[in-house]
Asks: 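Following this message is one structure expressed as structure tokens.
Worth saying up front: this structure is predicted, and the values here are computed from it rather than measured. Chain identifiers are assigned alphabetically (A, B, ...) following the order of the sequence lines, protein sequences preceding nucleic acid strands; residue numbering begins at 1 within each chain.
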Amino acid sequence: MAPKFFNTLTRTLEEFKPINGNSVGMYTCGPTVYGPAHIGNFRAYVFEDILRRYLKYKGYSVKQVMNLTDIDDKTIRDSQAAGISLDEHTKKFKDQFFKDIDRLNIERAELYPEATKHIPEMVILVQKLLDNGHAYYSGGSFYFKISTFPKYGALFHMDIESLKAGARIDNDEYEKETASDFAIWKGWSERDGDVYWETELGKGRPGWHIECSAMSMKYLGEHFDIHTGGVDNIFPHHENEIAQSEGATGKKFVNYWLHNAHLLVENRKMARRDNNFYTLEDLVKMGHNPVAVRYLLLSTHYRQQLNFTFEGLEGAKNAITRLRDFKLNVESAKIGPESSAVKDSIEKAVTEFEAGLDDDLNISPTLASVFDFVREINAIVAEQGLSESNKKKVIDTLKRFDSVLGVIYATEDQIDERVEKLINERIAAKKIRDFKKADQIRADLLSEGIILEDTATGTVWKRKL
RNA sequence: GGCGGCUUAGCCAAGUGGUAAGGCAGAGGUCUGCAAAACCUCUAUUCUCCGGUUCAAAUCCGGAAGCCGCCUCCA
């Protein structure tokens with residue numbers, strides 16, 4: 001069965017069909033690297049990660065492109081304030097970004113193009129728009145003329161007229177013909193300092209939206225499958241991307257637009273501008289596990305607002321602990337008879353797991369299927385153990401589920417020789433019923449964050465989350 | 001003001017006409033040298049409120065209240 005996704009463009013659930021057979025091209029709007037991303041930002045990247053992982057699970061080959069916006073008003077402003085070059089400034093946050101996505105067990109996209117490395121492509125795009133009458137020059141800058149693009153507003157389902165009426169007209173020193181026109185190339189101004197490119201369009205820098213049109217089309221073609229981002233990107237960013245891209249090519253730009261809802265904190269949108277955000281680093285410093293953050297972010301449907309609380313984070317940690325304990329429990333299960341109940345349980349779990357995700361990545365029934373599976377298999381393990389082949393099938397199923405969820409096998413844990421030796425010493429102590437020593441070793445290791453559990457088939461260790 | 005969404009147990013959250021999934025937290029029990037894990041049992045007569053339709057409503061219709069997001073560079 002093909003998955004169904006809610007397409008912002010049509011506001012309906014649509015069956016997913018790639019343009020080219022089994023290959024999926026997806027463009028996921030990435031970070032503006034002017035500061036560390038906060039966990040609200042990561043909600044988007046975790047959602048996109050689940051999307052790409054599930055598409056792969058379903059057998060599609062995925063080419064994901066995520067941009068790094070390393071040139072815009074804020075990166076310029078902040079690098080100047082810090083007294084360092086734009087590159088130096090953004091490098092720091094690019095590195096931080098990759099460190100964070102690794103810690104969140106977010107799979108790497110196939111490509112992370114940087115805006116500053118694609119100026120020529122953007123210039124060409126602007127020229128195309130000038131050639132076919134969608135853009136104009138004014139006061140050193142170039143603008144997209146939305147009155148030439150009748151479809152404008154199709155994505156966010158708003159009337160352009162209401163925009164004009166809608167108060168908030170921008171400041172700036174750029175001279176647009178119509179307030180709702182947007183800059184595709186900004187002529188150099190003094191406040192840009194040494195940040196500019198000398199191009200056929202003159203001295204200046206790209207507008208924000210143009211980078212995504214240029215880079216997505218360069219790497220995914222002029223017409224591709226999926227484009228995602230936070231709901232706040234629907235307008236103006238994605239609306240403008242459509243206008244620029246389709247204005248330039250005359251082709252349909254993207255088939256499926258998927259947008260995730262915001263992360264809230266104290267029931268308000270988490271946003272840097274409101275100064276009510278947590279970075280991943282903040283939470284790690286408080287002693288929280290990044291994978292718990294991942295679970296928290298993925299455990300609510302992506303189109304539903306999610307209120308961040310520490311109580312929720314604690315719950316997420318405990319949920320993962322149960323899943324990881326299940327893995328240990330199965331691995332250390334005593335040998336038992338072949339059971340058809342195991343097969344039945346696997347079959348049911350897989351069916352429900354996929355049914356949930358096929359339904360617009362409806363994660364709740366999917367997680368329910370995993371926990372039902374855990375309980376059913378645990379009961380069999382407790383009662384009669386597992387046959388070797390059953391054990392392998394259960395582990396394979398768990399790995400398959402985790403290829404999407406990414407919370408169980410997220411870390412490749414190792415223990416060093418010293419710890420291994422202590423564990424063996426404790427086993428020996430237990431054998432001669434020296435429980436005092438055994439308990440001491442267990443307590444010592446616990447203080448290092450290593451938990452020992454005695455099972456039917458021996459002692460297993462795990463790391464405290 | 002315009003557009004969209006949300007309101008289900010202490011917390012999170014499925015469920016779109018047939019009598020409330022799942023997770024976390026909590027209580028009791030079994031097992032265990034002790035722990036832990038695991039298993040078993042229990043924890044919403046009820047889904048923001050008020051009307052209506054129906055044999056039957058958390059689900060459909062009408063109304064009210066509360067909350068959130070977007071409305072020009074924020075994921």
Asks: What is the base-pairing partner of B/U53, counting Watson-Crick and G-U wobble geometry with both distances under 3.5 Å?
Replies: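 By the stated definition (distances under 3.5 Å), nothing pairs with B/U53.
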Asks: Does a donor on one side chain and an acceptor on the other come within less than 3.5 Å for A/Q440 and A/D444?
Replies: yes
Asks: Considering heavy-atom distances to RNA chain B, does A/A271 or A/H157 have its closest nucleotide positioned more toward the 5' end?
Replies: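 The 5'-side residue here is A/H157.
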Asks: Does A/D232 contact B/G69 through a side-chain donor or acceptor facing the base, at a distance under 3.5 Å?
Replies: no
Asks: Whom does B/U43 pair with, Watson-Crick or G-U wobble, provided both distances fall under 3.5 Å?
Replies: none
Asks: For B/A25 versus B/C11, give the span between their P atoms, rounded off to a whole number of Å.
Replies: 16 Å
Asks: Does one side chain, of A/D100 or A/Q96, offer a donor that lies under 3.5 Å from an acceptor on the other?
Replies: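 Checked: A/D100/A/Q96 side chains pair up, N/O donor to acceptor below 3.5 Å.
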Asks: Applying the Watson-Crick and G-U wobble criteria at under 3.5 Å, what pairs with B/A64? Answer none if nothing qualifies.
Replies: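 Its partner is B/U48.
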Asks: Verify the ring-centre separation between A/H38 and A/Y278: is it less than 6.0 angstrom?
Replies: no
Asks: Could you check which of B/A13, B/C24, B/A37 has an atom nearest any side-chain atom of A/A319?
Replies: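 Of B/A13, B/C24, B/A37, B/C24 is nearest to the side chain of A/A319.
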Asks: Check whether the side chain of A/K269 and the base of B/C74 form a donor-acceptor pair under 3.5 Å.
Replies: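 A donor-acceptor contact between them is present.
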Asks: Does B/A38 have OP1 or OP2 sitting under 4.0 Å from an N or O in the side chain of A/N329?
Replies: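 Checking A/N329 against B/A38: no side-chain N or O falls below 4.0 Å of OP1 or OP2.
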Asks: With stacking defined as ring centroids separated by under 5.5 Å and planes differing by under 30°, is A/F371 stacked against B/G22?
Replies: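 One would not call A/F371 stacked on the B/G22 base.
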Asks: Between A/Q64 and A/T28, do the side chains contain a donor N or O and an acceptor N or O under 3.5 Å apart?
Replies: yes
Asks: Suppose you measure atom C1' in B/A27 against the same atom in B/U59; what distance do you get, rounded to whole Å?
Replies: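 Going atom to atom, C1' in each nucleotide, I get 33 Å.
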Asks: Would you say a side-chain N or O of A/N267 is under 4.0 Å from OP1 or OP2 of B/G66?
Replies: no
Asks: Between B/A13 and B/G18, how far is it from one C1' atom to the other, in whole Å?
Replies: 23 Å
Asks: State the pairing partner of B/A21; accept Watson-Crick or G-U wobble contacts with both distances under 3.5 Å, and report none otherwise.
Replies: none
Asks: What's the closest nucleotide to the side chain of A/T300 if the choices are B/A36, B/A13, B/A14?
Replies: B/A13
Asks: For atom C1', what is the distance between B/U19 and B/U54, given to the nearest Å?
Replies: 14 Å
Asks: Give A/D454 one of three labels, base, sugar-phosphate or nothing, depending on what nucleic acid heavy atoms sit under 4.0 Å from its own.
Replies: base
Asks: Would you classify A/H262 as touching base, sugar-phosphate or nothing, given that sugar-phosphate means primed atoms plus P, OP1 and OP2, and contacts are heavy atoms under 4.0 Å?
Replies: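 Base contact.
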Asks: So if I take every side-chain heavy atom of A/R442 and compare against B/C74, B/C34, B/G22, which nucleotide ends up nearest?
Replies: B/C34
Asks: With a 3.5 Å cut-off and no angle check, do the side chains of A/T69 and A/E211 form a donor-acceptor pair?
Replies: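 Yes, A/E211 and A/T69 have a side-chain donor paired with an acceptor closer than 3.5 Å.
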Asks: Applying the Watson-Crick and G-U wobble criteria at under 3.5 Å, what pairs with B/C74? Answer none if nothing qualifies.
Replies: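 Its partner is none (no Watson-Crick or G-U wobble pair with both distances under 3.5 Å).
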Asks: Under 3.5 Å, is there a donor on one side chain and an acceptor on the other for A/T10 and A/E14?
Replies: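 A/E14 and A/T10 do have a side-chain donor-acceptor pair below 3.5 Å.
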Asks: A/N275 has an atom CG; how far is it from atom P of B/C74, in whole Å?
Replies: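 About 16 Å, once rounded to whole Å.
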Asks: Both distances under 3.5 Å, Watson-Crick or G-U wobble: report the partner of B/C3, or none.
Replies: B/G69
Asks: Between B/A35, B/C73, B/C39, which nucleotide has the shortest distance from any of its atoms to the side chain of A/A382?
Replies: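 When the side chain of A/A382 is considered, B/C39 is the closest of B/A35, B/C73, B/C39.
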Asks: Of all the choices, B/A36, B/C71, B/C74, which nucleotide is nearest to the side chain of A/F235 once you look at every atom?
Replies: B/C71
Asks: Side-chain N or O of A/N318 versus OP1/OP2 of B/C24: is the shortest distance under 4.0 Å?
Replies: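 Checking A/N318 against B/C24: no side-chain N or O falls below 4.0 Å of OP1 or OP2.
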Asks: Ignoring hydrogens and angles, are the base of B/C34 and the side chain of A/K430 linked by a donor-acceptor pair under 3.5 Å?
Replies: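 For A/K430, whose side chain was compared with the base of B/C34, there is no donor-acceptor pair (under 3.5 Å).
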Asks: Is there a donor and acceptor pair closer than 3.5 Å between the side chain of A/N233 and the base of B/C73?
Replies: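 No such pair is found, so the answer is no.
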Asks: Taking any heavy-atom pair under 4.0 Å as a contact, classify A/D372: base, sugar-phosphate, or nothing.
Replies: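 Sugar-phosphate, no base atom in range.
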Asks: Taking the side chain of A/T32 as its heavy atoms from C-beta onward, which of B/A75, B/C73, B/C39 lies nearest to it?
Replies: B/A75
Asks: Would you say a side-chain N or O of A/R322 is under 4.0 Å from OP1 or OP2 of B/C39?
Replies: yes
Asks: Roughly how far apart are A/Y143 OH and A/I184 CD1, rounded to 0.5 Å?
Replies: 10.0 Å
Asks: Reckon A/L296 touches a base, only the sugar-phosphate, or nothing at all at heavy-atom distances under 4.0 Å?
Replies: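 The residue A/L296 makes no contact with any strand.
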Asks: Give one of base, sugar-phosphate or nothing for A/R426, where a contact means two heavy atoms less than 4.0 Å apart.
Replies: base
Asks: Does B/A37 pair with anything, Watson-Crick or G-U wobble, both distances under 3.5 Å, and if so, with which nucleotide?
Replies: none
Asks: Between A/Y409 and A/N105, does any side-chain donor sit less than 3.5 Å from a side-chain acceptor?
Replies: no
Asks: Think A/R433 has a side-chain N or O under 4.0 angstrom from the OP1 or OP2 of B/G33?
Replies: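 No.
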Asks: If you only use heavy atoms from C-beta on, which nucleotide in B/A38, B/A13, B/C73 is closest to the side chain of A/Q304?
Replies: B/A13
Asks: Quick check: on RNA chain B, is the nucleotide nearest A/R268 upstream (toward 5') of the one nearest A/R43, or the reverse? Name the residue that is more 5'.
Replies: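 The residue mapped nearer the 5' terminus is A/R268.
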Asks: With rounding to whole Å, what would you report as the distance between B/C47 and B/C60 at their C1' atoms?
Replies: 16 Å
Asks: Would you mind classifying the nucleic acid contact of A/I234 as base, sugar-phosphate or nothing, using non-hydrogen atoms under 4.0 angstrom?
Replies: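 Nothing: the residue A/I234, judged by heavy atoms under 4.0 Å, touches no strand.
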